[in-house]
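Both ligands and their constituent atoms are indexed starting at 1 by order of listing. Excluded from the calculations below are hydrogen atoms, water molecules and symmetry mates; all remaining heavy atoms, backbone and side chain alike, are included. Quantities reported herein were computed from a predicted structural model and do not represent experimental measurements.
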Amino acid sequence: MARQFDVPVFYRSPIISQVKESRRLTDPRKRDLSPSVLDFGPVRFKIARHFGFCYGVENAIEIAYRALEENPDRRIFLLSEMIHNPRVNEDLQRRGIRFLRTTRGEQLIPFDELTPEDIVIIPAFGTSVEVAGALQERGVDTLSYDTTCPFVEKVWKKSRQIGQQGFTVVVHGKRYHEETRATISHARQAAPVVVVRNLEEAEDLARVIRGDVSRGFFFVRFGGRYSEGFDPDRDLQRIGVVNQTTMLATETQAIADLLRQAMIARYGAEAIDAHFATTSDTLCYATNENQNATLALIEDGGDLAIVVGGYNSSNTSHLVELCEQRMPTYFIKGAEEILSRYRIRHYDYHAKVERESTGWFPDRRPVDIVLTAGASCPDALLDEVIREIVGWFDDARPVEEALAPFAEAS
Ligand code: SF4
């Protein structure tokens with residue numbers, strides 16, 4: 001999908017947007033995943049070939065700002081955070097948009113306060129059948145400003161399709177993430193559903209499928225993560241795997257392979273098509289590209305990595321997960337977290353706490369910094385990080401000089 005969206009200019013950036021545009025022009029088919037290098041002399045930034053706003057996020061931002069423009073006299077609500085980036089959500093709130101629910105689904109403003117005159121924007125993650133129904137019952141139009149990403153809808157469609165063919169839907173996702181809640185809701189209209197968080201849980205599900213453990217084990221291990229009336233003896237005979245679009249694509253693939261093998265062990269290779277549905281065409285292109293670009297980026301090496309994004313952003317945390325396997329990695333929501341050359345405040349997504357680290361910036365020249373960002377992060381935030389760090393070096397090349405190789409190309 002090559003559509004250009006009308007995204008407010010303040011989310012774009014003079015540095016990163018030029019690098020991206022130059023790479024787009026010289027490699028339109030995105031064959032070259034090697035990082036772009038911005039060489040400032042004492043510090044070099046290695047920038048991922050793909051990162052930042054994806055199709056779904058640009059689409060959501062365009063619709064949200066259009067809703068503001070088209071309805072200056074009406075109350076405008078977002079069902080919950082539109083995307084997981086604090087800068088974007090804060091800007092929308094400053095312009096008068098109010099959130100109806102938290103990202104975990106807790107009610108902030110009762111739906112009973114809504115009237116048919118109000119505008120409600122559905123976020124890029126989509127929403128459940130039940131919530132959409134509750135809004136429609138109150139006369140709220142849920143379609144005019146629905147920003148649900150088409151790639152998320154594709155997962156719902158596939159879930160319905162395989163459900164109608166008698167397959168149970170296994171969702172690889174985080175149970176309480178908005179998108180997974182919405183996918184569970186849509187999938188269970190047509191099929192039993194169970195959620196697995198990671199490969200370890202998938203291995204336990206495979207044990208149930210192979211008959212290595214009792215059905216009682218299933219109910220304890222997957223408590224709260226299966227649809228009502230789920231019967232493991234009946235509902236694990238035929239399955240298909242879909243994912244929360246921002247999970248690690250390689251992990252989703254590994255989970256699908258593992259469960260497929262469990263089906264073969266139970267029913268034999270010749271019967272596999274009757275027991276395991278093919279669903280690999282539902283993986284999100286942006287997640288795939290960003291993760292592949294991050295792999296190429298860390299392969300290229302660096303002294304440290306900075307990953308920029310909202311701390312509740314699932315896709316960003318997966319980029320952090322990839323980077324931290326290879327180098328010290330700092331997950332920050334913006335340049336304001338870089339307190340000095342010696343101190344940085346960053347998010348430990350394993351422990352789900354912010355930490356402060358000292359001595360994080362190497363005392364050598366040049367320092368190679370691997371830089372990337374999640375799909376909900378405006379490019380402008382990376383410019384701020386670059387300017388902050390480059391500002392420490394009196395002898396750093398000016399931005400125009402570091403950008404020269406990209407200016408020539410574009
Ligand atoms: S990451 Fe993929 S599924 Fe999620 S909003 Fe972006 S394009 Fe859509």
| request: Answer yes or no as to whether an N/O/S atom of C54 is found below 2.8 Å from atom 6 (Fe) of ligand 1. | output: yes

| message | Out of all atoms in ligand 1, which are within 4.0 Å of some heavy atom of T287? Include the element for each. | response | 1 (S)

| message | Ignoring hydrogens, what is the shortest heavy-atom contact between T168 and D235? Give both atom names and the distance. | response | OG1-O, 2.6 Å

| query | Quick check: does C284 have an N/O/S atom under 2.8 Å of atom 8 (Fe) of ligand 1? | reply | no

| In terms of side-chain geometry, is the basic nitrogen of E201 or R225 positioned less than 4.0 Å from the acidic oxygen of its partner? | yes

| said: I'd like to check which ligand 1 atoms, numbered from 1 as shown, lie under 4.0 Å from a non-hydrogen atom of T245. | reply: 3 (S), 4 (Fe)

| request: Could you tell me whether ligand 1 has any atom less than 4.0 Å away from a heavy atom of N315? | output: no

| request: Considering the heavy atoms of F151, write down every atom of ligand 1 situated less than 4.0 Å from one of them. | output: 3 (S), 7 (S)

| field | Close side-chain approach of I16 and F51, heavy atoms under 4.5 Å | value | yes

| remark: Here the atoms of ligand 1 under 4.0 Å from any heavy atom belonging to C149 are 3 (S), 5 (S), 7 (S), 8 (Fe)

| Stepwise side chain to side chain donor-acceptor pair (under 3.5 Å) test for Y145 and N71 | CA-CA 11 Å; Y145 298 104; N71 302 282; 3.0 Å; yes

| query | Does the distance from a Lys or Arg side-chain N to an Asp or Glu carboxylate O, for D91 and R87, drop under 4.0 Å? | reply | no

| query | Where do F230 and Y226 come nearest, in terms of heavy atoms and distance? | reply | CB-CD1, 3.6 Å

